[in-house]
Amino acid sequence: MEAIIRWGVPTALAPVAWGANYYVTHRYLPAGAPLWGAALRALPAGLLLLAAARRLPRGAWWWRSAVLGALNTAAFFVLVYLASQWLPAGTAAMVMALSPLALMLCAWLLVGERPLPAQLAGGAVGVGGVVLMLAGDPGPAGGGGGTGGASGADGLPGLLASLGALLASSVGYVLAKRWAAPADGGGTPGVLASTAWQLTLGGLLLLPVAALAEGAPPALDGGALAAFGYTSLVATALAFLVWFTGLRRLPAATVGLIGLLNPVTGVLLGTVLDGEPLGPARLGGMALVAVGVLLGRPRPDGASPRARADRTGVPPARRAAATAAQGCEPPPEA
């Protein structure tokens with residue numbers, strides 16, 4: 001329980017900020033400029049963190065940061081921007097609640113971090129809650145910024161954009177966890193530096209693509225400027241810092257379950273600010289999401305050797321080999 005308080009609570013700030021970002025993007029940002037929207041979200045946040053880190057990538061971290069920037073920043077931000085414009089805020093957030101299962105699968109395949117039965121159960125319960133919330137989805141969103149929501153075949157592009165964002169981010173997050181593992185030795189950068197690199201490189205990658213595909217940057221009024229301020233500083237710089245910190249300190253499966261707060265935030269904001277009805281299905285779904293997060297919470301430190309090994313993000317055999325090669329004891333558990 002100490003681990004969930006120490007690392008889980010700060011990590012939860014990220015999905016809450018992202019859930020609110022769906023509403024902000026849908027209401028206040030220009031609908032026809034997803035590439036510029038993604039670039040203006042990523043680059044200011046990346047440069048701000050880079051100035052704070054005062055460190056550039058070295059060696060393999062140049063191409064690693066480029067890969068992470070392409071997945072976690074360029075592809076993810078563009079697809080989330082499109083999903084936010086094409087779907088109601090609550091619906092767009094709810095699709096991303098499949099992230100626990102996606103993160104569990106990717107972590108299993110890429111870092112050998114097998115999910116525990118409780119985490120699988122938590123993911124299944126949480127996704128069941130999301131399905132229940134979708135059953136209570138009101139359909140088209142109200143007026144305002146963006147193009148409004150859609151249902152059925154008309155909403156297919158938005159659903160595909162959400163699923164694409166889910167896939168890109170799941171692979172990117174697990175790669176970030178794998179490359180930050182203790183087996184990589186002393187060359188592993190801190191969370192601040194690695195987050196700054198991928199946001200900056202992802203934003204720089206988007207700039208020429210946006211200029212070629214969309215022309216000049218869109219004209220922004222005061223509301224759009226304030227919205228970009230929130231999107232870049234809170235939903236990106238702050239949120240990504242706490243999210244990647246959580247990925248280093250907690251199992252990917254647990255972080256994915258914490259991410260279920262994303263759709264809950266989106267649904268609540270859609271209800272309070274956009275007038276979307278909050279019926280029994282949505283209330284029941286949010287209760288199931290809460291149960292899923294509790295089921296997948298980190299075990300106490302003494303729970304089992306396997307649980308302790310899983311929190312490092314490195315398979316036990318690989319960790320033992322790295323320890324032997326370094327001729328030292330394993331690093332203390334976080």
**Student:** To check you understand the geometry: which heavy-atom pair defines the closest contact between L56 and L50, and what is its length?
**Tutor:** CD2-CD1, 4.3 Å
**Student:** Measuring only between side-chain heavy atoms, which start at C-beta, is V171 closer than 4.5 Å to L175?
**Tutor:** yes
**Student:** So which atom in A17 and which in A239 form the shortest heavy-atom distance, rounded to 0.1 Å?
**Tutor:** CB-CB, 4.3 Å
**Student:** Just checking, any donor-acceptor pair under 3.5 angstrom between side chains of R41 and T231?
**Tutor:** no
**Student:** If Ile, Leu, Val, Met, Phe, Trp and Tyr residues are connected whenever their side-chain heavy atoms lie under 4.5 Å apart, and connections chain through other members, are L79 and L68 in the same group?
**Tutor:** no
**Student:** Determine the minimum heavy-atom distance between A161 and L82, stating which atoms define it.
**Tutor:** CB-CB, 4.2 Å
**Student:** Any heavy-atom pair between the side chains of T11 and V242 that's under 4.5 Å?
**Tutor:** no
**Student:** What's the shortest heavy-atom distance between A74 and G202, and which atoms?
**Tutor:** CB-O, 4.2 Å
**Student:** Measuring from L199:CG to T195:OG1, what's the distance to the nearest 0.5 Å?
**Tutor:** 6.5 Å
**Student:** Between Q198 and T73, is there a donor-acceptor pair closer than 3.5 Å when you use the side chain of the first and the backbone of the second?
**Tutor:** no
**Student:** Does L13 belong to the same Ile/Leu/Val/Met/Phe/Trp/Tyr cluster as Y23, with side-chain heavy atoms less than 4.5 Å apart forming each link?
**Tutor:** no
**Student:** I'd like to check S194 versus R55 (side-chain heavy atoms, cut-off strictly below 4.5 Å). Are they in contact?
**Tutor:** no
**Student:** Could you walk me through whether F244 and N72 pass side-chain contact (heavy atoms from CB on, under 4.5 Å), step by step?
**Tutor:** CA-CA 11 Å; F244 286 121; N72 292 335; 3.7 Å; yes
**Student:** How are the rings of W18 and F240 set to each other: parallel, tilted or perpendicular (split at 30° and 60°)?
**Tutor:** perpendicular
**Student:** Please walk me through it: do Y230 and Y28 pass side-chain contact (heavy atoms from CB on, under 4.5 Å)?
**Tutor:** CA-CA 11 Å; Y230 170 83; Y28 297 109; over 6 Å; no
**Student:** Supply the atom-to-atom distance L201 CG to L206 CG, rounded to the nearest 0.5 angstrom.
**Tutor:** 11.0 Å
**Student:** For the backbone of W62 and the side chain of S65, can you confirm whether one donor and one acceptor N or O come within less than 3.5 Å of each other?
**Tutor:** no
**Student:** Same cluster or not: are W36 and L205 linked, directly or through other Ile, Leu, Val, Met, Phe, Trp or Tyr residues, by side-chain heavy atoms under 4.5 angstrom apart?
**Tutor:** no
**Student:** Is the shortest heavy-atom distance from the side chain of F76 to the side chain of Y81 under 4.5 Å?
**Tutor:** no
**Student:** Do you reckon L238 sits in the same ILVMFWY cluster as L49, going by side-chain contacts under 4.5 Å, direct or chained?
**Tutor:** no
**Student:** Whether the side chain of S232 engages the backbone of A45 through a donor-acceptor N/O pair (distance < 3.5 Å, no angle test) should be reported.
**Tutor:** yes
**Student:** Has Q85 got a side-chain atom pairing as donor or acceptor with L29's backbone, closer than 3.5 angstrom?
**Tutor:** yes
**Student:** For W179 and W63, I'd like to know if the aromatic rings sit close, meaning centre-to-centre distance below 6.0 Å.
**Tutor:** yes
**Student:** Hey, could you give me the CG/CG distance between L220 and L225, rounded to the nearest 0.5 Å?
**Tutor:** 5.0 Å
**Student:** How far apart are the closest heavy atoms of L35 and A213, and which atoms are they?
**Tutor:** CD1-CB, 3.6 Å
**Student:** Do we get R64 above W61's six-membered ring, with its NZ or CZ under 6.0 Å from the centre and within 45° of the axis?
**Tutor:** yes
**Student:** Can you see which heavy atom on L166 is nearest to which on S170, and at what distance?
**Tutor:** O-OG, 2.8 Å
**Student:** Rounded to the nearest 0.5 Å, what separates atom OG in S84 from atom CZ in F77?
**Tutor:** 11.5 Å
**Student:** Looking at T236 and L233, would you say the former's side chain and the latter's main chain have a donor-acceptor pair under 3.5 Å?
**Tutor:** no
**Student:** Can you confirm whether P15 sits close enough to W243 that some side-chain heavy atom of one is under 4.5 Å from a side-chain heavy atom of the other?
**Tutor:** yes
